Amino acid sequence: MPEGHTIHRAARQQNRALKGRTISVSSPQGRFAADAARIDGAVLERVEPYGKHLFYHWETGEIGHVHLGLFGRFRTSYSVLGDPTAPTGAVRMRLSTATGADRVDRAEVTIDLSGPTVCSLDPPDARAQILRRLGPDPLARKADPTPMFDRIRRSRRPIADLLLDQAVVAGIGNVYRAEILFVVGIHPLRPGDELDDAELHAIWATTCGMLAQGLRDGRIVTVDRNDLGLAPGARRPRGEATYVYKRRACLRCGDTIRTVEAGGRPCYYCPTDQEA
DNA sequence: GCGGAATGTAGAT
DNA sequence: TCTACCTTCCGCT
């Protein structure tokens, strides 16, 4: 399930598989069919991630825009003899290196997109319009947190609400916001304008670290090894590991986890480690 | 088989 | 502020 790290990971993988190649574009499910036909057989110049958004730069100059939303996902499959495997479920957009050419000199890659909130083919300026309403992306090179700090300092809204607002900072979702606030020891309902500079810098540093870790791991693991109580050399358990998100008891102190509504969604927190 | 929940957003009100 | 919607998966009957 997608927060910013998932998107950046997808972009990396898709650039490895598709960048600079001629791509068959289709929409087995049909809802992207008209747009797919316009770029079918075009060269995909690159896939660009920003926050939770993906931009597909096509040689035609048009920009594919994908946002996974809550349910969207990519599936990758490989085929040796040209024909991609049959799509599983409702596939909105299929990108494949299998172009029907006679000679196949390596395995073909097919990437299927299902369940996205957004999947569109837009004029070139659409990308800039979207970027204009997004805050800094902690996974972007040379990201500058200043605009995020300014917005938080000027706002009475709870910090948990602000961290979920993509115009403040792009790429954080409901898991990371809870985990970030836990790690920096800030109560989710603290108003933005009450945070001091040290707290803002701690939030940014923690956010960058967590998302980068998630990008490397391909899953959300926010818990420090030392807090897991593992024997030396023991491997981390599978699955995602959080301090407070969806937990009953705080992983650090054992206190009962509470939730509070912020940004229209439940924010998990530890009443002991994150005093009001 | 059905219903609910899930790491999200956009558009209506 | 609310509601609709994208799909999958899991637990319940």
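This is a predicted model, so every value here is computed, not measured. Each chain gets a letter, A, B and so on, in the order its sequence line appears, and its residues count up from 1. Because only heavy atoms are used, hydrogens play no part in the values below, and waters and symmetry mates are left out as well, while side chains stay in.
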Starting at [atom1] of [X] and ending at [atom2] of [N], how long is that distance when rounded to a whole Å?
{"X": "A/Leu70", "N": "C/dT3", "atom1": "CG", "atom2": "P", "answer": "18 Å"}
{"X": "A/Leu113", "N": "C/dC6", "atom1": "CG", "atom2": "P", "answer": "14 Å"}
{"X": "A/Phe74", "N": "C/dC6", "atom1": "CZ", "atom2": "P", "answer": "18 Å"}
{"X": "A/Arg265", "N": "C/dC2", "atom1": "CZ", "atom2": "P", "answer": "16 Å"}
{"X": "A/Phe71", "N": "B/dA6", "atom1": "CZ", "atom2": "P", "answer": "10 Å"}
{"X": "A/Gln129", "N": "B/dT9", "atom1": "CD", "atom2": "C1'", "answer": "17 Å"}
{"X": "A/Leu68", "N": "C/dT8", "atom1": "CG", "atom2": "P", "answer": "13 Å"}
{"X": "A/Phe32", "N": "C/dC6", "atom1": "CZ", "atom2": "C1'", "answer": "15 Å"}

Quiz item: What residues, two or more places apart in sequence or in another chain, satisfy salt bridge (Lys or Arg N to Asp or Glu O under 4.0 Å) together with A/Glu261?
Solution: none
Exercise. With sequence neighbours left out, write down each residue that passes salt bridge (Lys or Arg N to Asp or Glu O under 4.0 Å) with A/Arg157, or none if nothing qualifies.
Key: A/Asp161, A/Asp165
Practice problem: Quick one: label A/Gln29 by what it contacts on the DNA or RNA (base, sugar-phosphate, nothing), any heavy atom closer than 4.0 Å. | Solution: sugar-phosphate
Self-check item: Among B/dG8, B/dT9, C/dT8, the one nearest A/Glu3 by side-chain distance
Solution: B/dG8
Exercise. Only counting residues at least two apart or in another chain, list the ones meeting side-chain contact (heavy atoms from CB on, under 4.5 Å) with A/Pro191.
Key: A/Arg156, A/Asp193, A/Glu194
Quiz item: For A/Ala249, what residues pass the side-chain contact (heavy atoms from CB on, under 4.5 Å) criterion, not counting sequence neighbours?
Solution: none
Polar atoms only, N or O, under 3.5 Å: list the protein pairs with nucleotides 10-13 of chain B and their distances.
from: B/dA10; atom 1: OP1; to: A/Arg133; atom 2: NH2; distance (Å): 3.2

Quiz prompt | Under 4.5 Å side-chain linkage, directly or through intermediates, the cluster mates of A/Tyr78 | solution = A/Ile7, A/Leu18, A/Ile23, A/Val25, A/Phe32, A/Ile39, A/Leu44, A/Val47, A/Leu54, A/Tyr56, A/Trp58, A/Val66, A/Leu68, A/Phe74, A/Met93, A/Leu95, A/Val109, A/Ile111, A/Leu113, A/Leu121
Practice problem: Look at atom CZ of A/Arg12 and say whether more than 12 heavy atoms of other residues, nucleotides or ligands are closer to it than 6.0 Å. | Solution: no
Quiz prompt | Within 6.0 angstrom of A/Glu275 CD, more than 12 heavy atoms from elsewhere | solution = no
Quiz item: Is the phosphate of B/dA6, meaning OP1 or OP2, less than 4.0 Å from a side-chain N or O of A/Lys246?
Solution: yes
Practice problem: Hey, could you give me each pair passing ring pair (Phe, Tyr, Trp, His ring centres under 6.0 Å) that has a residue in residues 253-276 of chain A? Not counting sequence neighbours. | Solution: A/His187-A/Tyr269, A/Tyr245-A/Tyr268
Quiz item: In whole Å, what separates the P atom of C/dC6 from that of B/dG1?
Solution: 22 Å
Provide a list of protein-nucleic acid N or O atom pairs under 3.5 angstrom, restricted to nucleotides 9-11 of chain C.
from: C/dC9; atom 1: OP1; to: A/Arg73; atom 2: NH1; distance (Å): 3.4

Self-check item: side-chain hydrogen bond (donor to acceptor under 3.5 Å, both in side chains) against A/Thr60, all qualifying residues, sequence neighbours excluded
Solution: A/Glu62
